[in-house]
Amino acid sequence: MNEDPREFRRRRIEAGLSQTELASRIGRGRSRICDVEKGRAGLTPKDLKAVAEIFHCTVHDLLLEADDKPATADRSVA
């Protein structure tokens, strides 16, 4: 999978969820979310679908590389 770790983290924070809360909602451990956010692991298609629903976006949005996103969007994470 090609999840952009920065985008994944930004969306999780924007959703107001901790790593533990997101992991619980998709039936995974917190360490899996941590690994995804650090770019060390990906998610299964089933997990991607669940995360996309939680983040109110599409699976495609989660899979886009940072370079594929519009340059005008602010991607910073505080």
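Sequential numbering from 1 along the given sequence is applied to the chain's residues. Since this is a predicted model, take the numbers as computed values, not measurements.
Salt-bridge annotation for E14 and R11: absent, with no side-chain N of the basic residue lying under 4.0 Å from a carboxylate O of the acidic one.
Applying the side chain to side chain contact (heavy atoms under 4.5 Å, CB included) criterion to H60, with sequence neighbours excluded, gives T58, L64. In this structure R12 satisfies the salt bridge (charged side-chain N to carboxylate O under 4.0 Å, His left out) test together with E37, sequence neighbours excluded. Listed by chain and residue number, C57, V59, L62 satisfy the side chain to side chain contact (heavy atoms under 4.5 Å, CB included) test with A52 (two or more places apart in sequence, or in another chain).
Screening residues 21-31 for salt bridge (charged side-chain N to carboxylate O under 4.0 Å, His left out) gives R28-D47 as the qualifying pairs, with residues at least two apart or on separate chains. Listed by first then second residue, pairs satisfying ring-ring contact (aromatic ring centres under 6.0 Å, His included) with a partner in residues 33-59 read F8-F55, not counting sequence neighbours.
Proximity of C34 to R40: side-chain heavy atoms (C-beta onward) are separated by under 4.5 Å at one or more points. Contact annotation: the side chain of V51 never approaches that of V36 to less than 4.5 Å [non-hydrogen atoms, C-beta and beyond].
To the nearest 0.5 angstrom, Q19 atom CD is 9.0 Å from D35 atom CG.
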